[in-house]
Structures are given as structure tokens and as C-alpha cells.
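A, B, ... follow the sequence lines: proteins, then strands. Residue 1 opens every chain.
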Amino acid sequence: MYKPFKYALLSTGFAILSGLTSLPAQAHNTWLLPSSTVLSSPQFVTFDAAVSEDFFYFTHRPLPIDALTITAPDGHNLVPANVGKGELRTVFDVKLEKNGTYTLDISRSGLRASWKVDGKPKRFMGNAEAFAKEVPVTAQDLEIGESVAHVVTFVTVGAPTAVKLTNHGLELVPVTHPNDLNVGEPAEFQFMVDGKPAADVKVEVVSGQSHYRNALGEAKYTSDKQGKVKITWPQPGMYFLNAVLKDNKVSAKQAKERSLSYSVTLEVQVQ
Amino acid sequence: MRNWVPRLIPSLVAGLFAHQGVAAELNVKVAIPQINTSEYHRPYVAIWVEKPDQSIAKNLAVWYSQKSGAEGPGTKWLKDLRQWWRKGGRDIQMPMDGLSGATRPVGDQSLSYNDSKSPLAPGEYRLVVETAREKGGRELVRIPFSLPVKKAETQKASGQVELGTVNLEIKP
């Protein structure tokens, strides 16, 4: 009945990291959902953090927010208020008191490994320290991968301001600001890896309310040489954008490749 | 040389006016319709002049609740004037002298604007009236016009629900 926290965390981490390939129709996706994205006065905004198949439909598990960073427009970090962990979602509030753009980023990086002991499959997911303790480097069929994942959303009070990057893993730089999206106006975003423009990033965009459609209806894009993509919005509403890339810039010498993912919840306004 | 100078003069004159514009007077009348509902709140209204690219050429008026209530300051709902908000409302610190005013009651509301201090350049424009009402809807009406005008001109447009007739008179 009660799922131990460590297990929940591990399996949710797996959900984040397994989202690294692309958006298959039956995947579990991780997302943050803000109650508002455009504000004209300082106030509280509430957020849901969840893991589910459909957008934005609570059917699976809460998304832990232990790795959440909230960055205010002046660069200070804020602490979420009124945190509540339910069976299907984590809820928290943030008091937005300054004009400008707030960034919320659940960022995880770590190592994945799979191997066999006497023919039985074993799996590991965690940081480098735990990896050194738990994974036998001489194990049979050992496969090691590294990953960096961001789950992001933005909220703006007043006029939008620049978005600050962590310069770690795959991230989005606005050409069009993510809190200034309108139906009928294509948006341009630039993808960066470790702060540098990244070509060939695979991007998928899905509109919310996917539960009420027979197909996910994802739109697919690939970033150009400058890391840019131009996205069109068929209707107003909340959207989920997921971007993935693999490279070999590993920090752990045992890993062969690094899987990068960035997902963001965006609101598109009506004209 | 003798031919060249006279030909240059008209373009110099035009250039002068393109930069400075020609003063005009805009008289706007907006009908705020009677809406029968159990809980009526006066609408928020923004009135501005936009360029063909939809950027704001001049803000004329923003009528909103300047009081603070249980739910926060009246500025909390300025974003619901969605077009105005993203085209420039969000860049202005409200209240602003000569622009912001209290919400207006049902009936014909007028405003007069003389742009002689900083005239609009000759060209195509649109008057935009946007309204948003608590527990009600949002509506936006546009009236195209061009400057300068030689004689007084009047144009009209009508909203569906949240706005009645919008009347624009332009005088040279």
C-alpha cells in the first residue's frame, strides 16, 4: 500500500531518465504545471509536479521536487511554500514578488548501469558516489550511461526578462520568450548543450488535453546548426515540449555516452 | 543643378513631415453596454493606436480598478486586457498620469486626444479598444484610419457583447 520514498524517488528518476529517448505513445512523462504563466501584479502561483502518460492528467505518480531550483528574476533562489505530496501529484506554491521571469527547474544528473549476475539482470541509477559503491566494474554485460535531465517551466510578472541557464546539459534559450507565446505567431527557441548551441536536437511538442484525443498528435522538429527550431501553435493552451540529444561528453570515464533531455511546460495565449 | 534643386524641395518637405507628423485630434466614444447579470463588475478597458505591425503607436487610456480588494490590487487583472498587455501594457508602471483612470459605468464614454505635442507620423493606423470584464468576457474592436486627414472624418465599429458602438472622429 505505502510505497517507500526511496523506491518512489528511484522509479521517478527512472521516469525522468527514460524519457530521454523520445515521446512514445505509452511513456510516462514528467512535468511541472503552473496555475498561471503571465501576471500583472505580484502574487502566489501554484504548481503541480507529476509523472503521467497524458498531459496534463494526473494518473500515475507524484514527481518529487527535492531537485527543484526556483530562480527569481534577480538571480536569487526561492523556497517553495505549502509543499504537499499526494499520491498522484506534488503541489507547491511560490510567491512571485518581483517583476520579471521566474525559472523553475527540476534538474537531475547521474549514472545508469545494467549488468548481469549469474544471468540475472541488475540495474543501478544514481550519482557517481553510489555508483562506485554499488556497481561492480568487472560485471558481466556491464552497460553504463550518463544522463542530465531538466524539467522546467517559466512564469513572468510584468515584462519578460532574460532566462538564466545552468550551462549543464541541454537547455533552451528564448529567441521568442517562453512567456510570450501566441497562437498564429511561430516561436523560435535555441537549444544549448553546456551553454553552447546544439544542432540535431530532437524536439517534440504536444498540446495538453491529450487524454481526449485518440493520438498524441506530437509535432516533431530538429534543431539547425545554430541550435534553433521554429515552432507553430495550432491552438491556445498548455503545451509540453520535450527535447533530447545524445553526446559523448561524459564526466564518468566508465560511461560511453551521455543522454540529455530538457522538457518544458509552455502556455500559448489566445490572440 | 538648376533642375535638381526644385525637385529636391518637395521630398525635403515630405521628409520633414514624415519625421514630425501632422497634429490631429482624436475623439473616441466607446459605448459600454448594459449587461444583465446577477454580479456585474465594470469592465477594464484599454484604448490605444496601433501601427500596421500591431505595435503601439500611442496609448490613449486604460480604465481599471485602482483600489486594492481582498483578492489583491486592481492591477492583478490588467493582464486580461491580453493584446494591450503584451503589446506594451506590461512595460508600463501603472498608474500613469494622463493614461490610467478608474473603470467607467454603462453608457457612452468619451475621450479626446490632441497629439500636437508629439504628432503621429503620416501613415496607416488602427484605433484599438479592448475590454475585459470580471465574470464576463473579453472583446476587441479595431478601426483603421490614416494620417494626416484634410477634413474631419468619422468612423464606427461595433462590438458583439462586451462593447457597443465605438466611434472615432479625427480632426486635422
Problem set entry | Residue among A:Asn99, A:Val38, A:Asp180 with most heavy-atom pairs under 4.5 Å to chain B |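 Top count of heavy-atom pairs under 4.5 Å with chain B: A:Asp180.
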Problem set entry | Pick from A:Pro160, A:Pro42, A:Ser41 with the largest number of heavy-atom pairs that fall under 4.5 Å of chain B |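 Highest number of heavy-atom pairs under 4.5 Å: A:Ser41.
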For this session: Specify whether A:Tyr57 and A:Tyr212 have parallel, tilted or perpendicular ring planes, treating 30° as the upper limit for parallel and 60° as the lower limit for perpendicular.
Result: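 Aromatic pair A:Tyr57/A:Tyr212 classed perpendicular.
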For this session: Determine the sole option in B:Lys87, B:Lys58, B:Arg126 for which the salt bridge (Lys or Arg N to Asp or Glu O under 4.0 Å) test with B:Glu50 is passed.
Result: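 The option that passes is B:Arg126.
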Exercise. A:Arg213 and A:Ser207: side-chain donor and acceptor closer than 3.5 Å?
Worked result: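 Side chains of A:Arg213 and A:Ser207: pair found under 3.5 Å.
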Problem set entry | Ion pair check, B:Arg138 and B:Glu130, cut-off under 4.0 Å |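 Salt bridge present between B:Arg138 and B:Glu130.
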Problem set entry | Contact leader toward chain A among B:Gln93, B:Lys79, B:Gln83, where contacts are heavy-atom pairs under 4.5 Å |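 Greatest number of close heavy-atom pairs with chain A: B:Lys79.
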Exercise. Where on A:Val270 is there a heavy atom nearer than 4.5 Å to chain B: the side chain, the backbone, both, or neither?
Worked result: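 Both parts, backbone and side chain.
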